[in-house]
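Here is the structure we will look at.
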Amino acid sequence: MRKFLDYLNKKYFTLHKKYEDLFWLSYMGDHSVDKKKDKALKTRDEFRADSRLYEQVKLFLKKAKSKDRERLKAWELFFSRYQTPKAVLAIKNKIVEIESKVMRKRAVRKEGYIHPKTRKFIKASENEMRMIMRIDPNEQVRKAAFYALEQLTQTSLKEYVNMVKLLNQYALSLGFEDFYAYKVHTEEGMTKKELFKIFDQIFNKTKYAFKNVRKLEKKLPGLRKPWNFGYMMTGNFTKEEDPYFQFEDALLKWGRSFSALGIKYRGGELKLDLLDRKGKWNNGFCHWPKLVYYKGQKRFTGSSNFTCNVVFGQVGSGMQGIHTLFHEGGHAAHLLNSTQTEVCLNHEYPPSSTAWAETQSMFLDTLFSSIEWRTRYAKNKEEQNYPFALFERKLRKTHILAPLGMMSIMFVMNFEKEVYEAKNLNEKKVKEIAKKVYRRYFDRSEDSLSILNVPHIYFWEGICSYHGYGLAELSISQWREYFYKKYGYIVDNPDVGEEMTRVWRLTASKTYKELVKLATKRELSPASYIKNVTVGLSQALLKAKKKIKRMKKVPIYTRKIKLDAKISLVHGKHKICDNRKSFEDMAEKYRLWLYKQKTR
């Protein structure tokens, strides 16, 4: 029995790592490995779907005792999530081929916009054009970027329709009504009806804010045009805040904040690729090539790779980069802190919950975005702290948008729900659904196909999983409320880090709902979230002032940054620096390298 368990752990560890190493190379822009990657994925999937191994696990369970029984139960749960007949696995392989084709097309496509004055084509990545829509003072330039992004939505539309049909065929073969029903059951143990009932409740409690935006439009003509909204609401604030969030300072801010919280990576390896470049996947993510594993009682550390697409020197890019370090750094800390002996519980795939994984990363986002963090850590080149007056002006202008914070998540969720439920799907129907759902969840004056630029809808792990972000918002609201009631503050609080670490150790040994209750001492509910986003302006300002006042009693972290991790910074296949000497030395070397990129 022990030999069998050792075999399962060693075999899956090897298959997982081989695929993930190739996945990283491919998504960082080396598509020469795509065939090897797809083959490695196929081999891994065949192992997960192996009915003989599943039956053997169940057979051993009948006579197992104590700890062996616990270990076998983990593998029983794992294999139960992936039981797939060979004929159905063949469908998955076709889906993987389409995924790779979509990725290659996105990697080599021509990206940029026609300048409205010169009529010349301006090269700009998808990420750059999104930022242009937020910060460029020229409406015609913003409009040009918007329509260029609309053109990009057509890149893989044909492949998308074929993919949806195959995914539904896959789910139907396994007894589910469609792929969305399969995904929410597999990842969260919920039904589609149960999931959407929660978010329909949130929509109905918050949609009143659309009327307030329409009232505001009378004072700000053109506000609801899709290329104007972000700029008119927050564009100036993005520029005003930019000096306090310079990307060359990002590593130190991340390192100090996590150290002050007591967050460690338990000797794990981290590889970070943070700058935008042609051919690289245009969305941040975190994966774990080397899973935490055990040999007997001895624990072996894991590894994590994470990435984002900072356009260094562009206004707003520093904030994006620091946000990624907190978000993806939170993901990495979660699984690298596991103390589960079975590798099948230590990866990001089912039986792991997407919602629980996002709760960790997004909780640390809220740390970075909080007023108490910003007034303590965010400084400009003159070492002046982020001013509360700037926060107050921004809050007064944008507070009417607070209830609409979940709309972008519900937008993706409901688009996918309708697409996967649609009969006789074709390209025209996809575009009709995209525009209809955009209208409902954004209420802009013009329609958009922007959903077709969302990377998540094109790859297996992201498809029909966007609700994970929404559920995470609910559990984060509960968790933050719990911590504030218990400790009075979160930023730089090692007790918070210790409590998070305790639940991180459990990884997928519990369900999402069980983990939420263990962490927050309450059943999952949208109540805390709705209360937070519908609070009045005066109350929101009062709460912010109280949080800043409480932080005056909390000492500032001044010790050396110690994350208990082997960290390397890379750009594609080029290694820039590591923390072998110290975290601070690595941060300084990366800063100098960044300046060289800017001057090229």
Side-chain angles (χ1 to χ4, degrees), residues 11-49 82 84 86 88-111 125-127 152-167 169-170 179 271-291 303-309 328 347-349 452-465 570-575:
K11 184 70 175 177
Y12 189 64
F13 176 93
T14 304
L15 294 174
H16 174 91
K17 187 175 185 302
K18 185 174 182 179
Y19 165 66
E20 289 293 345
D21 285 341
L22 293 166
F23 172 92
W24 175 259
L25 288 171
S26 176
Y27 274 64
M28 291 304 98
D30 180 4
H31 296 291
S32 68
V33 304
D34 282 357
K35 285 186 179 179
K36 288 182 181 178
K37 171 182 70 73
D38 294 350
K39 186 179 178 182
L41 179 60
K42 180 183 176 184
T43 306
R44 187 206 68 180
D45 285 351
E46 286 171 352
F47 174 86
R48 301 200 302 195
Y82 295 105
T84 316
K86 282 190 177 180
V88 184
L89 273 180
I91 300 171
K92 171 85 184 285
N93 295 334
K94 290 179 185 177
I95 295 163
V96 169
E97 288 172 12
I98 296 176
E99 273 187 41
S100 292
K101 185 178 180 181
V102 169
M103 189 168 62
R104 287 193 295 271
K105 287 181 77 171
R106 288 170 72 94
V108 301
R109 68 187 179 184
K110 185 179 179 181
E111 294 182 351
S125 70
E126 187 179 341
N127 292 304
L152 292 182
T153 64
Q154 308 301 300
T155 303
S156 308
L157 186 54
K158 181 180 178 182
E159 288 82 4
Y160 181 67
V161 171
N162 291 335
M163 187 186 287
V164 170
K165 290 177 179 177
L166 284 168
L167 286 162
Q169 189 181 337
Y170 179 93
F179 192 74
K271 186 192 291 184
L272 285 61
D273 187 325
L274 304 174
L275 294 196
D276 194 34
R277 63 177 175 274
K278 185 68 177 173
K280 179 182 174 182
W281 187 247
N282 69 334
N283 197 59
F285 64 82
C286 176
H287 277 229
W288 294 260
K290 193 168 76 174
L291 302 175
S303 69
S304 176
N305 297 336
F306 62 85
T307 179
C308 66
N309 299 77
E328 308 300 351
H347 63 166
E348 64 268 43
Y349 308 114
L452 297 174
N453 281 332
V454 175
H456 299 70
I457 71 171
Y458 295 104
F459 65 99
W460 184 280
E461 282 76 32
I463 294 166
C464 299
S465 292
V570 302
H571 187 63
K573 294 180 181 179
H574 168 63
K575 182 178 175 180

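The shown structure was predicted, so the numbers you read here are calculated from the model rather than taken from an experiment. Residue numbers start at 1 and run along the sequence shown.
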Using a cut-off of 6.0 Å, state whether more than 12 heavy atoms not belonging to Lys575 lie near its atom NZ.
yes

Could you give the distance from CD1 (Ile91) to NZ (Lys86), rounded to the nearest 0.5 Å?
15.0 Å

Could you go through the side chain to side chain donor-acceptor pair (under 3.5 Å) check for Lys280 and Thr307 one step at a time?
CA-CA 10 Å; Lys280 179 182 174 182; Thr307 179; 3.1 Å; yes

Closest non-hydrogen atom pair between Ala107 and Lys278, with its separation
O-CE, 3.4 Å

Taken to the nearest 0.5 Å, the spacing of Glu46 CD from Leu41 CG works out to 10.0 Å

If you define the side chain from C-beta out and look only at heavy atoms, does anything of Lys18 sit under 4.5 Å from Thr14?
no

Can you confirm whether Leu15 sits close enough to Tyr19 that some side-chain heavy atom of one is under 4.5 Å from a side-chain heavy atom of the other?
no

Test side-chain contact (heavy atoms from CB on, under 4.5 Å) applied to Lys101 and Met163, step by step
CA-CA 11 Å; Lys101 185 178 180 181; Met163 187 186 287; over 6 Å; no

Backbone N or O of Thr155 within a donor-acceptor pair of the Lys105 side chain at under 3.5 Å?
yes

How long is the straight-line distance from CD of Glu159 back to OG of Ser100, given to the nearest 0.5 Å?
12.0 Å

Is the closest side-chain heavy-atom distance between Trp24 and Pro289 below 4.5 Å?
no

Check step by step if side-chain contact (heavy atoms from CB on, under 4.5 Å) holds for Trp281 and Phe459.
CA-CA 12 Å; Trp281 187 247; Phe459 65 99; 3.9 Å; yes

Salt bridge or not between Lys35 and Asp38? Use side-chain N to carboxylate O under 4.0 Å.
no

Could you check whether any side-chain heavy atom of Gln169 comes within less than 4.5 Å of a side-chain heavy atom of Phe179, counting everything from C-beta outward?
no

Taking all heavy atoms of Trp460 and all of Ile95, pick out the closest pair and write down the distance.
CZ3-CD1, 3.9 Å

Rounded distance [0.5 Å steps], CG in Leu152 versus CD in Glu126
6.0 Å

Within the 4.5 Å heavy-atom criterion, are Leu25 and Lys573 side-chain neighbours or not?
yes

Test your reading of the model: is there a side-chain donor-acceptor pair from Ser465 to the backbone of Ile463, 3.5 Å cut-off?
yes

Mind checking whether Val570 and Met28 have side chains closer than 4.5 Å, heavy atoms only?
no

Side chain Thr84, main chain Ala49, donor-acceptor under 3.5 Å
no

A side-chain contact here means heavy atoms from C-beta on lying under 4.5 Å apart; do Val96 and Lys42 qualify?
no

Using the side chain to side chain donor-acceptor pair (under 3.5 Å) definition, which of the options Asn283, Asn282, Asp276, Asp273 pairs with Asn309?
Asp276

Over 12 foreign heavy atoms within 6.0 Å of NZ, Lys110:
no

Of all heavy-atom pairs linking Met103 and Asp34, the shortest is CE-OD1, 4.0 Å

Supply the atom-to-atom distance Ser303 OG to Asp21 CG, rounded to the nearest 0.5 angstrom.
7.5 Å

Would you mind telling me which of Lys271, Glu328, Glu461, Glu20 makes a side chain to side chain donor-acceptor pair (under 3.5 Å) with His287?
Glu20

So do Leu452 and Tyr458 actually touch side chain to side chain, heavy atoms under 4.5 Å?
yes

Once the angle between the rings of Tyr27 and Phe23 is folded into 0 to 90°, is it parallel (under 30°), tilted (30 to 60°) or perpendicular (over 60°)?
parallel

Are Lys37 and Glu99 within salt-bridge range, i.e. N to O under 4.0 Å?
no

Taking Ser32 for its side chain and Asp30 for its backbone only, find out whether a donor-acceptor pair lies under 3.5 Å.
no

Please report the interatomic distance CG(Asn162) to OG(Ser156), rounded to the nearest 0.5 Å.
11.0 Å

Trace of the side chain to side chain donor-acceptor pair (under 3.5 Å) decision for Tyr349 with His16
CA-CA 11 Å; Tyr349 308 114; His16 174 91; 5.6 Å; no

Could you pull out the closest heavy-atom pair between Asp45 and Lys92, with the gap in Å?
OD2-NZ, 2.6 Å

